[in-house]
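Some notes on the structure that comes next.
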Amino acid sequence: QEFLRDFDDAQSIDQRTYGAIDLSWNRVVSSRTSLFARFYGDASEEDSRIRGSTFFGCLGSQPNGCIRTSNGTAQWFGTELQTTAKWLADLSMSSMVGVEGRVRRATFKNGISDFATGAPVDEFGAFRAMTAGGALYAQQVWSPIAALTLNAGGRWDFDSDLGHRVSPRAAATADVWHGGTVKVVYSEAFRAPTFEEKYLTNRYLVLAAPTLSPEIVRSLEASLQQRVGRQRMLVGAFRSWWSNVVQSEALSQAELSAGQRAGLLDSST
């Protein structure tokens with residue numbers, strides 16, 4: 001929204017407060033088994049006031065500008081439990097299993113005020129939500145011979161608002177000659193749309209997008225590392241494929257008209 005803001009306006013503000021806590025506990029039960037537990041939480045609040053002396057994003061009755069305000073708060077709390085066990089007589093196989101649960105809450109709203117007096121004129125886009133989600137994940141590591149290590153795993157994330165997604169990962173590391181190691185990795189990951197990206201709406205400026213899907217990235221990486229004494233040389237290559245990337249788009253005239261007919265956009269927009 002920087003194009004809406006008057007340059008170097010002393011009365012325009014962006015203010016954010018943030019706090020977080022992260023507690024973890026580790027316990028080695030035996031030479032074969034270990035436990036890990038974690039509790040985390042964070043909270044944030046953001047206030048914004050953007051003053052603009054043009055009509056962009058303002059009411060039809062405000063040709064000389066307006067003040068756009070927004071306020072949002074968010075809280076996250078979660079816990080994670082994980083265990084690792086080593087198998088076989090030579091401990092060459094290792095299994096890790098974990099589970100995570102979390103709760104998140106968010107609120108935000110927008111408003112428009114008079115440019116000259118600062119008096120509130122309209123308020124819209126108020127949103128409040130609380131969701132619960134979690135994840136199950138596992139990893140298996142095996143070294144069938146001293147020169148080869150295989151690693152495979154996956155993570156299943158689920159959320160009451162976003163649905164679910166499985167992200168696999170696989171890797172192999174091999175010592176191909178003295179001091180030379182080859183590594184190949186394939187992985188997938190995703191980023192869920194934020195509450196703002198899905199539900200933030202302003203009938204003078206932006207439409208909500210409640211059907212957004214998670215961004216997904218698939219990556220393939222290969223590398224060769226050569227050790228010479230205390231020195232290490234590394235050469236590698238990687239490729240990533242992205243899909244469903246979240247981005248802002250200008251509405252077409254047909255989309256603008258449809259939004260106005262549905263009452264989602266003001267007729268003056």
Can you hop from [X] to [Y] via hydrophobic side chains spaced under 4.5 Å?
| X | Y | value |
| --- | --- | --- |
| I145 | W142 | yes |
| V166 | F158 | yes |
| V97 | W156 | no |
| L207 | L205 | no |
| L148 | L88 | yes |

Determine which pairs satisfy disulfide (SG to SG under 2.5 Å) with at least one residue from [range], sequence neighbours left out, and list them in order.
| range | answer |
| --- | --- |
| residues 197-269 | none |
| residues 161-261 | none |
| residues 30-85 | C58-C66 |
| residues 164-236 | none |

Could you list all the salt bridge (charged side-chain N to carboxylate O under 4.0 Å, His left out) pairs where at least one residue sits in residues 193-210, not counting sequence neighbours?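 Residue pairs with at least one partner in residues 193-210: D122-R203, D161-K198, R191-E197.
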Distance-only check: which donor-acceptor pairs under 3.5 Å involve side-chain atoms of residues 239-252, not counting sequence neighbours?
{"from": "S240", "atom 1": "OG", "to": "S219", "atom 2": "OG", "distance (Å)": "3.2"}
{"from": "S252", "atom 1": "OG", "to": "E255", "atom 2": "N", "distance (Å)": "3.2"}
{"from": "S252", "atom 1": "OG", "to": "E255", "atom 2": "OE1", "distance (Å)": "3.3"}

Could you tell me if the side chain of I216 sits less than 4.5 Å from the side chain of R165, heavy atoms only? yes
Residues N110 and N202: side-chain donor-acceptor under 3.5 angstrom: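 No.
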Under 3.5 Å, is there a donor-acceptor pair linking the side chains of S143 and S92? no
Assess whether a salt bridge exists between R155 and D157, defined as any Lys/Arg side-chain N lying under 4.0 Å from an Asp/Glu carboxylate O. yes
Write down the atom of [X], the atom of [Y], and the distance for their closest heavy-atom approach.
| X | Y | result |
| --- | --- | --- |
| S113 | P120 | OG-CA, 3.7 Å |
| P214 | P193 | CA-CD, 3.7 Å |
| F190 | S167 | CD2-OG, 3.7 Å |

List the steps and the verdict of side-chain contact (heavy atoms from CB on, under 4.5 Å) for T69 and K109. CA-CA 8 Å; T69 60; K109 62 181 178 180; over 6 Å; no
Interatomic distance, [X] atom [atom1] to [Y] atom [atom2] [nearest 0.5 angstrom]:
| X | Y | atom1 | atom2 | result |
| --- | --- | --- | --- | --- |
| D14 | I50 | CG | CD1 | 6.0 Å |
| Y40 | L23 | OH | CG | 13.0 Å |
| S257 | L265 | OG | CG | 9.5 Å |
| Q75 | S44 | CD | OG | 7.5 Å |
| S187 | L220 | OG | CG | 8.5 Å |
| T194 | F108 | OG1 | CZ | 8.0 Å |

Keeping to residues at least two apart or across chains, list the side-chain hydrogen bond (donor to acceptor under 3.5 Å, both in side chains) pairs with something in residues 25-36.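 Non-adjacent pairs meeting side-chain hydrogen bond (donor to acceptor under 3.5 Å, both in side chains): zero.
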With ring pair (Phe, Tyr, Trp, His ring centres under 6.0 Å) as the rule and sequence neighbours excluded, what pairs involving residues 68-93 come up?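 As it turns out, there is no ring pair (Phe, Tyr, Trp, His ring centres under 6.0 Å) pair with a partner in residues 68-93 once direct neighbours are skipped.
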Side-chain (Q140) to main-chain (S94) donor-acceptor, under 3.5 angstrom: yes
R49 side chain vs Q11 backbone, donor-acceptor pair below 3.5 Å: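 Present.
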Under the rule for salt bridge (Lys or Arg N to Asp or Glu O under 4.0 Å), what residues qualify as partners of D22, not counting sequence neighbours? R38
Pair I21, D42 - check side-chain contact (heavy atoms from CB on, under 4.5 Å), show working. CA-CA 6 Å; I21 184 172; D42 63 51; over 6 Å; no
If you apply the rule side-chain contact (heavy atoms from CB on, under 4.5 Å), what do you find for E45 with D47, and how did you get there? CA-CA 7 Å; E45 181 175 1; D47 287 289; 3.8 Å; yes
Could you pull out all donor-acceptor pairs under 3.5 Å where a side-chain atom in residues 125-139 meets a protein atom, sequence neighbours excluded?
{"from": "T131", "atom 1": "OG1", "to": "R104", "atom 2": "NE", "distance (Å)": "2.9"}
{"from": "Y137", "atom 1": "OH", "to": "E80", "atom 2": "OE2", "distance (Å)": "2.4"}
{"from": "Y137", "atom 1": "OH", "to": "Q82", "atom 2": "NE2", "distance (Å)": "3.0"}

Show me, pair by pair, the donor-acceptor contacts under 3.5 angstrom made by side chains of residues 177-186, not counting sequence neighbours?
{"from": "W177", "atom 1": "NE1", "to": "Q226", "atom 2": "OE1", "distance (Å)": "2.6"}
{"from": "T181", "atom 1": "OG1", "to": "D175", "atom 2": "OD1", "distance (Å)": "3.0"}
{"from": "T181", "atom 1": "OG1", "to": "R227", "atom 2": "NH1", "distance (Å)": "3.2"}
{"from": "Y186", "atom 1": "OH", "to": "E188", "atom 2": "OE2", "distance (Å)": "2.6"}

Test side-chain contact (heavy atoms from CB on, under 4.5 Å) on R105 and T73 and set out the steps. CA-CA 8 Å; R105 174 183 176 273; T73 63; 4.3 Å; yes
For T117, what residues pass the side-chain hydrogen bond (donor to acceptor under 3.5 Å, both in side chains) criterion, not counting sequence neighbours?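 Listed in chain order: D114.
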